Participant: 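Below is the structure I would like to discuss, written out as structure tokens.
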There are 2 protein chains.
Amino acid sequence: MTESICSSSSCAQCGFRSSIFSSLTDEQLKELTVQKSFHKVGKGEVIVEQGSSINGFIFLRVGLAKLARINPDGREQIAGIATPNDFVGLLSIFSSKTYKYSIIAIEDSEYCQVDYQLVMDLVETNGKFSKSLLEKFSSVSDLLVGTRLELELRQLRGRVAFIICYFANEIYKDKTFNLPISRKEIAELIDMRVENVVRTLSEFRRDKIIKIEGTTIEILDQEKLKWIKMHG
Amino acid sequence: MTESICSSSSCAQCGFRSSIFSSLTDEQLKELTVQKSFHKVGKGEVIVEQGSSINGFIFLRVGLAKLARINPDGREQIAGIATPNDFVGLLSIFSSKTYKYSIIAIEDSEYCQVDYQLVMDLVETNGKFSKSLLEKFSSVSDLLVGTRLELELRQLRGRVAFIICYFANEIYKDKTFNLPISRKEIAELIDMRVENVVRTLSEFRRDKIIKIEGTTIEILDQEKLKWIKMHG
DNA sequence: TATCAAATTTGATTTTTAACAACGTAACTA
DNA sequence: TAGTTACGTTGTTAAAAATCAAATTTGATA
């Protein structure tokens, strides 16, 4: 998919206006509007490449992206999923020169990139902005760590149930949704093997807990799924 | 252990001076010195209780502390270990009203507590301080997530080897050290069961990879341990 | 449309880990 | 000091997950 300039001329209308950027002055907002670059990427496209040097902040406006890293042995791990209005790649942005994770769109996505120095200038000059940034940073990191610990607490069936509930409740807010990631990616996200993920999904289908049609998943038995998520 | 007032009258001499607080003006530093409370705790003592309301920032000066959470089913997980000059409990501090983790000393420790509002005021008024705080925050979160992912990549033997190397290289910088946590706590840290941790340690001892005397561990075969850490 | 590569699926088997049980030991306490 | 409790240890068994193998489906491409 080709990248194009954002149609909205000002960042004032952006979803971030209401969160991070709400504290900016008109002048700062204008500077941001002029400086930022807007990008559209299709599913599967790489937004940020692991190991590349950090040159800006990335704000996901629309879509979904995975935070992934490839280990020396070639195995890929997915640390988490970034949702709209998330700062992505935020984790190491202030403490590393290079991105430690790739950010890859798992749905058609739109994001804005803002120059690193501009954000740092805002941090230095606008206290309220710093505060918002710290809050955002905090909630993103906290959620990431919390989710990993939640997953570690469970075994295969519980983890798969957790992820289905996660997409249904947190991401799509609907009991029917298009699973944006492959079985292999689910496995990489919950630290299990593809075969076991597939087997578990088939099991859930056999037990009439979920319905699978292509990439669409429908939760049929919310109660049972929740039970497995909590005790399975 | 009874808590006492810090002997050093000013925060200027503190280890944090060189990191987070280096950007403070003399006046701000004085305010900090007056406001902060200094505490000493013995091994095992609770610095922060999970679920209690957040009322301040905690800076670990001396010692070691574990970041632990107890799950509804009573199982404890250790998210990570805080080392001197770490901000602890930082993770959710800007995004939650209550601590999501208990912070418990695993060695005799000293820490300072600074009022939440004072730090927030500094964030709002001192841009350089905000920047330092973001950097610290970033590196702490990044390390925490990175370590969890590293652990997930390994199985039992690799995880135990990882933890031994972690204490030897990162914490004590010595091939001989006093293990500050119990077998059960190692298990909670690497998401395995006590029995398996014990068995693995015994195995390492039998294979002359480590020597165990009471709580003291000595790495005998650095190479073999590293190999297990990477491939075991 | 034919072909190829990747993803999905199921089965069989092995390896890894958890669970259970039992016992020694060290630390704490009445 | 005796008793209690948590910790550490080892063995045995059961459960869970990884691995290996093979077939099928799907999707992209020539």
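Source: prediction; values computed, not measured. The figures here come from the full heavy-atom set of this structure, side chains too, leaving out hydrogens, waters and symmetry mates. Each chain gets a letter, A, B and so on, in the order its sequence line appears, and its residues count up from 1.
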Participant: Base, backbone or nothing for each nucleotide of nucleotides 5-12 of chain D, written B, S, -, heavy atoms under 4.0 angstrom, 5' to 3'?
Facilitator: ---SBBBB
Participant: Figure out the CZ/C1' separation between A:Arg193 and C:dT15, and round it to whole Å.
Facilitator: 12 Å
Participant: Nearest-Å distance, CZ (B:Arg154) to P (C:dT17)?
Facilitator: 13 Å
Participant: With heavy-atom distances below 4.5 Å as the criterion, would you say the side chains of B:Gln222 and B:Asn169 are in contact?
Facilitator: yes
Participant: Nearest whole Å is fine: how far is C:dT8 P from A:Ile186 CD1?
Facilitator: 8 Å
Participant: Just the atom pairs and distances: protein N or O near nucleotides 22-27 of chain C's N or O, under 3.5 Å.
Facilitator:
none

Participant: Given atom CG of A:Asp191 and atom C1' of D:dA16, what is their separation to the nearest angstrom?
Facilitator: 14 Å
Participant: Does a side chain donor of either A:Ser95 or B:Ser138 reach within less than 3.5 Å of an acceptor in the other side chain?
Facilitator: yes
Participant: In terms of relative ring orientation, are B:Phe94 and B:Tyr116 parallel, tilted or perpendicular, with 30° and 60° separating the classes?
Facilitator: tilted
Participant: If you apply the rule side-chain hydrogen bond (donor to acceptor under 3.5 Å, both in side chains), what do you find for B:Glu107 with B:Asn178, and how did you get there?
Facilitator: CA-CA 10 Å; B:Glu107 277 189 354; B:Asn178 261 309; over 6 Å; no
Participant: Please check: side-chain N/O of A:Asp221 versus main-chain N/O of A:Lys224, any donor-acceptor pairing under 3.5 Å?
Facilitator: yes
Participant: Restricting to salt bridge (charged side-chain N to carboxylate O under 4.0 Å, His left out), what partner residues turn up for B:Lys211, sequence neighbours left out?
Facilitator: B:Glu218
Participant: So B:Thr83 and B:Leu60, do their side chains get closer than 4.5 Å, heavy atoms only?
Facilitator: no
Participant: Could you state the CZ-C1' distance from A:Arg75 to D:dT19, rounded to the nearest angstrom?
Facilitator: 13 Å
Participant: Provide, to the nearest angstrom, the distance between the CD atom belonging to A:Glu76 and the C1' atom belonging to C:dA6.
Facilitator: 15 Å
Participant: Expressed in angstrom and rounded to an integer, what is the separation of A:Glu203 atom CD from C:dT10 atom P?
Facilitator: 11 Å
Participant: Using whole Å, report how far CZ of B:Arg157 lies from P of C:dT17.
Facilitator: 10 Å
Participant: Any donor-acceptor pair under 3.5 Å linking the side-chain atoms of A:Arg69 with those of A:Gln77?
Facilitator: yes
Participant: Looking only at non-hydrogen atoms, find the nearest pair between A:Tyr99 and A:Ser53 and report the distance.
Facilitator: CE1-O, 3.8 Å
